[in-house]
Amino acid sequence: SEMCIRDSYKPYPVCRYLHSVLDAFAILQEKYHFSPEQIEAIDCHTAAFVANPDQYSVANQVDVQFSGPIAMALEAFGYKPGPAWQDKIALNDPRLLAFAKKVTMHVAPEYAELRRKDPLSWYGRVEVTVGGQVYTESVDYSRGTNKDGYLSLIHISEPTRLRRIS
């Protein structure tokens, strides 16, 4: 018998539900190059999931993995996703903590329907306010999802080998 395994890659060291909003924010950053100081507010719309009830307080590395506001701050200030996102120096950076207060997490009403249609979907939408203008971007599938090219949108440093398991 054959078994099919769907692998995915997580480019950010945070819970998967945050990846699409981080991707959407990165797309806007690539287009417009907002500095953290220019950003007045970020509204993130994604899954109804809260593992860290106080999204603005991160006492340890586990807390940051479930904090949308802190993850957005790390991305805004250009911290490279990886160990730097878990570093105690970064987690105590007053700029990050101040920026995180500009970020609000919301439940995206369309998330559940998209997920029902395709369980691989991790919908996320961000609305970034700069100079009173709102810039919006949405992502149905986060980078690293093993679906029709999404896995190929990321850079994996080591070759990935897929093999049939029998």
Side-chain angles (χ1 to χ4, degrees), residues 5-108 111 115 119-129 137-147 150-161:
I5 298 174
R6 281 206 179 261
D7 289 329
S8 64
Y9 176 78
K10 289 176 60 179
Y12 304 102
V14 295
C15 188
R16 174 66 79 186
Y17 89 99
L18 293 171
H19 284 234
S20 290
V21 291
L22 287 163
D23 286 345
F25 180 64
I27 290 167
L28 288 175
Q29 284 292 75
E30 193 172 300
K31 285 182 188 176
Y32 301 106
H33 307 284
F34 302 129
S35 71
E37 296 77 25
Q38 290 176 301
I39 296 172
E40 298 161 21
I42 300 178
D43 288 285
C44 300
H45 304 264
T46 189
F49 177 82
V50 178
N52 178 0
D54 185 355
Q55 295 277 303
Y56 302 95
S57 175
V58 289
N60 55 52
Q61 289 81 5
V62 174
D63 289 345
V64 76
Q65 293 172 28
F66 300 102
S67 172
I70 296 296
M72 295 300 282
L74 287 159
E75 182 70 14
F77 279 94
Y79 280 81
K80 183 179 178 184
W85 281 35
Q86 308 295 315
D87 188 271
K88 287 183 180 182
I89 294 169
L91 300 182
N92 291 309
D93 183 337
R95 298 173 311 151
L96 296 180
L97 302 175
F99 187 89
K101 293 178 182 168
K102 299 179 182 184
V103 180
T104 306
M105 302 301 292
H106 305 276
V107 175
Y111 178 88
R115 189 89 166 145
L120 293 176
S121 176
W122 290 91
Y123 176 80
R125 182 178 76 252
V126 295
E127 298 161 354
V128 179
T129 305
E137 186 65 51
S138 65
V139 174
D140 288 349
Y141 300 91
S142 58
R143 288 181 307 130
T145 301
N146 190 358
K147 177 176 176 66
Y150 285 89
L151 190 59
S152 65
L153 293 175
I154 61 168
H155 176 317
I156 300 175
S157 59
E158 295 297 321
T160 302
R161 292 187 176 87

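Counting from 1, the numbers follow the sequence of the chain as shown.
- Qualifying side-chain hydrogen bond (donor to acceptor under 3.5 Å, both in side chains) partners for Gln29, counting only residues two or more places apart in sequence or in other chains: none.
- Residues forming a side-chain hydrogen bond (donor to acceptor under 3.5 Å, both in side chains) with Asp93 (at least two apart in sequence, or on another chain): Tyr79, Arg95.
- Checked against ring pair (Phe, Tyr, Trp, His ring centres under 6.0 Å), Phe99 has the following partners two or more places apart in sequence or in another chain: Phe77.
- Atom NZ of Lys101 sits about 12.5 Å away from atom CG of Leu96, to the nearest 0.5 Å.
- Remark: side-chain polar atoms of Thr46 are not paired, donor with acceptor, to backbone N or O of Gly124 under 3.5 angstrom.
- Once rounded to the nearest 0.5 Å, the distance linking OH of Tyr123 with OG of Ser20 reads 9.5 Å.
- Between the side chain of Tyr56 and the main chain of Val103, a donor-acceptor pair closer than 3.5 Å is present.
- Taking all atoms of both residues into account, the shortest heavy-atom contact from Val107 to Ala48 is CG2-CB, 3.7 Å.
- Legend: residues meeting side-chain hydrogen bond (donor to acceptor under 3.5 Å, both in side chains) with Tyr111, ordered by chain and number and at least two apart, are absent.
- Nearest heavy atom pair, residue Ala100 against residue Pro69, reads O-CB, 3.5 Å.
- The closest side-chain heavy-atom distance from Val64 to Trp85 is not below 4.5 Å.
- Qualifying side-chain contact (heavy atoms from CB on, under 4.5 Å) partners for Glu127, counting only residues two or more places apart in sequence or in other chains: Asp43, His45, Arg125, Val134, Thr136.
- The minimum heavy-atom distance between Ala71 and Val14, with the atom names listed, is CB-CG1, 4.1 Å.
- Here the shortest heavy-atom pairing between Pro81 and Pro11 reads CB-O, 3.3 Å.
- Looking at Trp122 and His19, their side chains never come closer than 4.5 Å, going by heavy atoms from C-beta outward.
- For residues 25-37, the pairs satisfying salt bridge (charged side-chain N to carboxylate O under 4.0 Å, His left out) are Lys31-Glu137, with sequence neighbours left out.
- Atom CG in Asn92 sits 7.0 Å away from atom CG in Leu97 (nearest 0.5 Å).
- Partners of Lys80 according to the side-chain contact (heavy atoms from CB on, under 4.5 Å) rule, which considers only residues two or more places apart in sequence or in another chain, do not exist here.
- In this structure, the side chains of Tyr12 and Leu18 stay at 4.5 Å or more apart for every pair of heavy atoms.
- Between the CG atom of Leu120 and the CZ atom of Arg115 there is a distance of 7.5 Å, given to the nearest 0.5 Å.
- Although no hydrogens or angles enter the test, the distance criterion places no donor-acceptor pair under 3.5 Å between the side chain of Asp23 and the main chain of Ser142.
- Side chain of Ser67 to backbone of Gln55: a donor-acceptor contact under 3.5 angstrom is found.
- The shortest heavy-atom contact between Cys44 and Val21 is CB-CG1, 4.1 Å.
- Residues passing the salt bridge (Lys or Arg N to Asp or Glu O under 4.0 Å) test with Lys88, sequence neighbours excluded: none.
- Residues passing the side-chain contact (heavy atoms from CB on, under 4.5 Å) test with Gln38, sequence neighbours excluded: Phe34, Ser35, Val130.
- Pairing each heavy atom of Leu28 with each of Val128, the nearest pair is CD1-CG2, 3.7 Å.
- The list of salt bridge (charged side-chain N to carboxylate O under 4.0 Å, His left out) pairs with a residue in residues 64-76, not counting sequence neighbours, is empty.
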